[in-house]
Structures are given as C-alpha cells and as structure tokens.
Amino acid sequence: MEENQNNLIAENSTSDEHFNGASSLSSLTLFLDRVGEVILSLNSIGLSWEPADSQNDDKTSCIRRENHAESTALIEFSDVYAAELADWGSVRQLTKCCFMHQDSEMYLFVVHAMQRSKTKESLWNLVEYTFGHRDQLVCQTLVKKIKLYLAKQIGRPKSLLVFVNPKSGKGNGQNIWRTVAPIFSRAKVRAQVTVTERAGHAFDLVSSMTNRQLISYDGIVAVGGDGLFNEILNGLLTSRFKTKFPPVPPDFMASPGDDPSASVLDPREINAGTYNPNEDQFPLLPTSRHSESRSPSFRTQDGECSTAVEDDVEFSFPHEWFRFGLIPAGSTDAIVICTTGARDPITSALHIVLGKRICLDIAQVVKWKATMNSDIEPSVHYTASFVGYGFYGDVITESEKYRWMGPKRYDFAGTKVFLRHRSYEAEISYLDINSKKSDPDSNDDNLNGGRKSCQGLKRKSEKIICRANCEVCNTPFSGKMKSKWLRSRGRFLSVGAAVISCRNERAPDGLVADAHLADGLLHLILIRNCSHALYLWHLTNLAKKGGTPLDFKFVEHYKTPAFAFTSLGKEGVWNLDGEILRAHKLSAQVFRGLISLFANGPEV
C-alpha cells in the first residue's frame with residue numbers, strides 16, 4: 001500500500017494525467033469509515049470501491065463483508081451533490097475476526113450523495129461516505145477531481161430565490177428550511193431567502209421583479225404548501241405570460257333565458273372545430289408568442305396598481321432552464337407528492353440540488369363578469385393542481401372560521417359541509433377532443449352522465465400511472481384534432497378540475513389516479529346530486545388506496561383541455577388551491593408543460 005501511495009503522490013506532483021477522461025484509478029487504496037481498507041476507482045461516471053482484501057479467500061473470518069452495504073458500492077456522480085475535505089480525524093475499521101472497531105487517525109474527505117430508500121424508492125436519504133488517507137495531498141487531489149466531475153453535471157442550480165412561509169401547515173416552515181439549508185450550502189448553491197410576512201407577499205415580490213433580476217437566479221423555491229407555490233406561480237405568470245383567454249362555447253356570455261345570438265363574444269376567443277395544437281394561433285398551445293391579451297393588473301408591494309413587467313430581457317414560456325422548487329411544509333402538499341413521490345423535505349431538497357427536471361401543466365382560470373352589462377373585468381388566475389366548486393368551495397369557506405385549529409380545520413369543516421349536503425344548479429361545457437379520423441358526431445357518449453370519458457374511453461380501462469420518464473407526458477401532440485363543445489347540466493354536489501392527480505395523505509391515489517403531470521389535459525369531475533350514503537361511499541373510496549371513486553353512476557369524469565362553468569343560481573364559491581374565488585361564470589384551459597420543476601417524477 002505504501003508503494004502505491006508514493007507512486008500516486010509522485011504522479012500528482014507532476015500532473016493529474018491519470019485522472020483525465022474516463023480512465024479510472026484502479027489501484028488507489030484508502031480507508032472507508034465503518035468498513036476498512038478499500039480499493040477506490042474514479043472516472044467520469046462516478047466512483048466505486050471494493051474491500052482491499054476481497055480477493056483473499058479468508059474462510060477463518062467471521063465477518064461476511066457482503067452483508068455490509070458500503071463494503072462494495074458504485075456511486076454515480078448524478079447522485080452526488082458535494083465533496084469536501086474534513087482535515088485530520090479518525091476512521092473506524094472493522095476487524096477481521098470480530099464485530100468490534102478499531103480507530104485510525106488520518107486525513108479525511110467526505111462524499112455527500114443521495115440514496116433511495118429500500119422500502120420506498122421515491123424517498124431519498126442523505127448518505128455520507130468518509131474516506132481517509134495518511135497523505136493529505138491524496139485527499140486534496142481526489143476532492144479536486146470529484147468537484148471537477150460534479151461541475152460538469154448538467155442543470156444543477158447555482159443561485160436560487162427562496163420563499164419561506166412560517167405559518168403554512170403546522171407552522172414549521174422556518175424549522176424545515178433550517179433542516180435542509182446545509183444541503184444547499186454543501187452543494188454550493190447560493191440561496192436568497194425571504195420569510196413571507198403576509199398573504200400575497202411572495203406574489204408582490206415576484207411580480208414586481210424585472211426579468212433581468214429574475215433570470216439572475218436559476219429558479220424559485222417555495223418552502224411551504226401548495227398555496228405558497230401557487231402564489232409564486234401567479235406572481236410570475238400574471239405579469240409575464242401573454243396569452244389568450246380560454247375558449248368558451250358561443251352562448252357562454254348569455255344569461256339564462258337570454259337569446260344567445262344577442263351576446264357579444266370576446267374577439268380573442270375561438271370556436272370549437274378542427275385545430276392543430278402545434279400551431280401558434282391556437283390558444284391552448286403553451287407559448288408566449290400568442291396574440292397579446294389585455295395585460296392583467298396586479299398589486300405591487302407599496303399598494304400601487306401596475307401592469308405587466310416591462311424589461312429589455314425576454315422571459316419565455318416554457319423557459320429553457322428556469323425551474324420551480326417546492327419543499328413541503330403545508331397541510332396537504334399534493335404538488336410535491338405528485339412530482340417527487342414523497343412528502344419529505346430532504347427528498348425535495350435533493351431533487352433541487354441535483355438539478356432534476358420535469359415539466360408540469362398549468363391551468364389558466366378566468367373569472368368572467370356575470371353578464372355583458374357588468375362592469376367587472378375578467379380576472380385571471382393560474383393553478384398547478386386543482387380548482388373546485390360546491391363541496392370544495394364550501395369546505396374552504398367554512399375552514400376559514402377555524403384557522404386556529406391548524407390543518408385539522410379541514411377535517412372539521414369537511415364534516416360540517418358533508419352533513420349539510422348542499423347541491424348547486426349549474427351548466428358545465430367542456431371541449432371534447434377527438435383525434436380519430438371518424439366523424440366526431442358518431443361519438444356515443446352520454447352527455448348527461450355517461451359512463452365514458454370525453455375521449456370515448458371506458459372508465460374501467462387500464463390506467464397508466466404517471467411516473468418518472470413518463471411516456472404519456474413525453475409524447476408530443478401530432479396532427480390535427482377534431483373538437484366540439486359538450487355540456488352537462490343539472491344539480492351538482494361538486495365540480496372539480498384537476499391538473500394533476502392531487503395525491504395526498506387523505507387521498508393516497510388522489511382525485512384521479514391516472515392523471516398526468518404534462519399531458520395537456522384537465523380532469524373534469526362532476527358529482528351529481530345523490531343521497532348522503534352514496535356520497536359517503538364516494539368519499540370513502542377517495543380516502544383509501546386502490547379505491548374507485550369515479551366508478552359511480554352519479555360521477556362524471558371527462559378529460560378535456562378546456563371547460564366553461566355557469567352557475568344557474570347565485571354566485572358560487574370556488575376553491576382555487578386553498579384560496580376563495582367567487583364566480584358566477586368561470587372558464588379554464590390547460591397549457592401543456594408550461595413550467596419546469598426541480599423534480600424527477602414519482603418512482604415505482
């Protein structure tokens with residue numbers, strides 16, 4: 001071993017030639033803490049090691065090294081986020097004939113990486129490998145080379161804008177950030193941290209930033225719940241994303257009983273027909289090159305009303321490298337569960353520092369004026385998860401009375417609203433997309449509660465769950481598709497539109513188990529008025545793993561890129577990612593893969 005060390009030092013004194021390319025150091029012997037003497041190999045892919053005495057068949061040893069996970073390993077640099085010197089210290093070594101350790105003093109360096117949980121692959125754990133060598137130059141050279149390889153990893157952030165909500169969930173936002181902050185520090189990621197002081201604080205700061213200021217960061221990280229994430233999302237999109245309003249059916253602006261021909265449509269809207277989703281003029285295409293709509297106003301930090309940010313630097317959508325990050329600290333954390341597969345701050349932090357990337361659909365939700373004579377201008381909102389009416393709106397409204405209860409207020413409010421069992425009369429129109437060559441009129445869907453989706457798929461067909469490297473999300477639209485407006489009218493207990501599956505601890509499979517992160521479709525779920533017992537049956541199916549909440553005759557489920565809603569009674573209350581939105585008329589459309597997240601998608 002001493003001869004090998006001297007050779008390495010001699011080579012390092014002249015050059016690092018043996019480190020170049022993908023060639024490995026196949027004979028470098030070091031000590032690995034809790035293992036002992038190992039032979040380390042290093043190349044452009046990663047580093048690996050095996051016990052130095054692995055080739056010796058010592059049958060007298062009572063220790064089976066294969067039982068020690070760290071005795072032999074291959075760690076790819078895509079899973080490593082830092083390497084650092086640790087000066088002089090002790091390394092614990094296993095003895096050959098017993099389980100006791102013996103300590104040796106030497107120079108140390110530490111490799112920081114992630115390791116998938118053995119019980120749940122989506123859960124990522126921190127792991128440290130402490131190596132030792134009696135020559136400091138060897139440790140310095142190895143750390144230097146590892147850092148060079150890490151610097152070549154594509155997509156890793158260097159600078160992030162971080163917002164921490166101290167009141168989200170159980171009020172642990174700041175403690176959670178303190179827990180994960182060392183991960184960012186070790187990975188040499190600069191974090192500009194802002195602790196929010198009020199509702200709308202993050203929105204005001206993001207919307208008032210210039211594009212030049214914004215692109216000085218590699219992304220924005222929210223330490224909080226889905227509400228904080230969507231607040232930041234709206235701050236970014238409301239002031240920068242130029243697009244048309246969602247398409248609506250021809251009689252949408254007519255009041256009930258009015259002559260539809262007397263209504264005046266917004267000239268930026270389209271009629272359903274044949275369209276090509278790859279064409280720029282189609283408003284469902286996620287691009288910032290659409291015809292510019294009226295710039296939505298927003299409230300700046302000083303209370304002044306402003307319009308979209310003017311800057312000489314363009315911020316395009318989807319953006320080439322700018323990403324969002326989300327570290328869970330909320331009440332449900334549905335977005336982070338759907339995009340990483342785990343509700344775990346450490347896992348999310350590792351996704352961010354390792355530069356993972358996944359695209360995410362975004363829905364544009366527009367609250368319209370009730371009639372053409374109304375003075376209220378349309379207001380635009382964006383969501384990455386869910387918007388719901390009826391039961392969902394009543395729960396969020398009722399829960400506001402019990403904020404002192406924390407997250408438990410949702411269960412309490414939900415029980416009260418369930419017992420009230422209130423239904424609402426409404427009309428919902430949705431855009432049916434038929435990619436088949438046959439006449440769309442031949443579609444035999446029942447427009448008032450059929451057992452098929454708007455794409456003609458039977459509800460009990462095989463479900464394709466969204467996973468990492470999802471084929472559905474990565475398959476682009478191609479060719480022209482036929483479309484037509486279909487509608488459903490009646491009394492509903494709830495109306496919901498899910499962008500993603502919305503998995504959470506209360507609904508382990510989410511509202512829609514097979515919803516995808518970036519397929520360009522909304523899942524419209526209509527729950528018609530039914531008995532208390534049937535609705536409870538539906539809710540209990542939502543709450544259990546492997547449940548079938550959509551397989552009821554009073555449930556309608558449609559996959560659609562756009563829908564429009566009209567209340568046939570009083571103005572209704574919508575739940576927009578935990579925020580209350582009162583709207584008599586509302587429409588929505590989805591933009592496929594409009595933003596990117598620091599995430600890898602849920603793993604099997």
Side-chain angles (χ1 to χ4, degrees), residues 243-254 260-261 263 265-287 289-291 293 361-366 368 387 427-459 461 472-473 475-489 495-499 512 514-516 518-526 556-566 585-594:
T243 187
K244 296 179 180 180
F245 288 152
V248 294
D251 58 349
F252 178 68
M253 290 308 298
S261 62
S263 63
L265 289 177
D266 190 303
R268 289 164 293 186
E269 295 161 2
I270 66 166
N271 293 319
T274 301
Y275 67 87
N276 185 345
N278 294 320
E279 292 178 359
D280 259 4
Q281 67 268 21
F282 183 60
L284 299 184
L285 184 68
T287 176
R289 299 192 300 271
H290 299 309
S291 301
S293 64
D361 289 345
I362 298 297
Q364 179 197 54
V365 179
V366 177
W368 293 88
V387 57
E427 180 177 279
I428 300 95
S429 301
Y430 55 94
L431 194 60
D432 173 47
I433 296 179
N434 190 340
S435 59
K436 298 178 181 179
K437 295 182 180 180
S438 60
D439 187 346
D441 292 334
S442 64
N443 192 318
D444 60 354
D445 287 356
N446 183 338
L447 305 187
N448 290 295
R451 297 286 294 172
K452 296 183 180 181
S453 73
C454 66
Q455 292 182 317
L457 299 175
K458 292 182 179 179
R459 182 162 293 147
S461 61
V472 173
C473 296
T475 301
F477 285 135
S478 60
K480 294 184 177 181
M481 298 181 183
K482 294 179 179 180
S483 65
K484 62 179 179 180
W485 284 104
L486 303 180
R487 65 185 63 197
S488 186
R489 183 170 180 164
V495 175
V499 183
V512 186
D514 59 342
H516 287 264
D519 64 348
L521 293 172
L522 288 167
H523 288 260
L524 185 62
I525 307 169
L526 313 180
E556 301 175 34
H557 172 214
Y558 306 108
K559 296 180 182 180
T560 178
F563 77 93
F565 168 91
T566 300
K585 290 180 178 289
L586 180 142
S587 65
Q589 65 176 322
V590 67
F591 294 92
R592 189 179 191 189
L594 185 63

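Atoms considered below: every heavy atom in the structure, side chains included; atoms not considered: hydrogens, waters and symmetry mates. Throughout, residue positions are numbered sequentially from 1 according to the sequence presented.
The NE2 atom of His516 sits 7.0 Å away from atom NE2 of His523, with the distance rounded to the nearest 0.5 Å. The CZ atom of Arg489 sits 10.0 Å away from the OG atom of Ser429 when rounded to the nearest 0.5 Å. Remark: Asp361 CG to Phe591 CZ distance equals 11.0 Å, nearest 0.5 Å.
Gln589 and Pro247 make their closest contact through OE1-CD, 3.9 Å (heavy atoms, listed as atom of the first residue, atom of the second, distance). Looking at every heavy atom in both residues, Val590 comes nearest to Leu521 through CG1-N, 3.8 Å. Here the shortest heavy-atom pairing between Leu522 and Pro561 reads CD1-O, 4.3 Å.
Electrostatic pairing of Asp251 and Arg487 counts as a salt bridge here, judged by a charged N lying under 4.0 Å from a carboxylate O.
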| Pair Ser488-Glu556, side chain to side chain contact (heavy atoms under 4.5 Å, CB included): steps then yes or no | CA-CA 9 Å; Ser488 186; Glu556 301 175 34; 3.0 Å; yes

| task | Evaluate the criterion side chain to side chain contact (heavy atoms under 4.5 Å, CB included) for residue pair Asp432 and Lys559; output intermediate values, then yes/no. | result | CA-CA 8 Å; Asp432 173 47; Lys559 296 180 182 180; over 6 Å; no

| field | Test log, rule side chain to side chain contact (heavy atoms under 4.5 Å, CB included), inputs Ile428 and Leu524 | value | CA-CA 10 Å; Ile428 300 95; Leu524 185 62; 3.7 Å; yes

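Between Tyr558 and Tyr430, the ring planes are parallel. Angles under 30° get that label, and only those over 60° would be called perpendicular. In this pair, Phe245 and Trp368 present their aromatic rings perpendicular. The plane angle is above 60°, beyond the 30 to 60° band.
Side-chain N or O atoms of Thr560 include one that pairs as donor or acceptor with a backbone N or O of Leu431 at under 3.5 Å.
Counting only N and O atoms by type, the side chains of Gln364 and Thr243 include no donor and acceptor under 3.5 Å apart.
Here the side chains of Ile362 and Val499 are not in contact, with every heavy-atom distance at 4.5 Å or above.
Seen from the ring of Phe252, Lys585 counts as a face-on cation partner, given the 6.0 Å and 45° thresholds.
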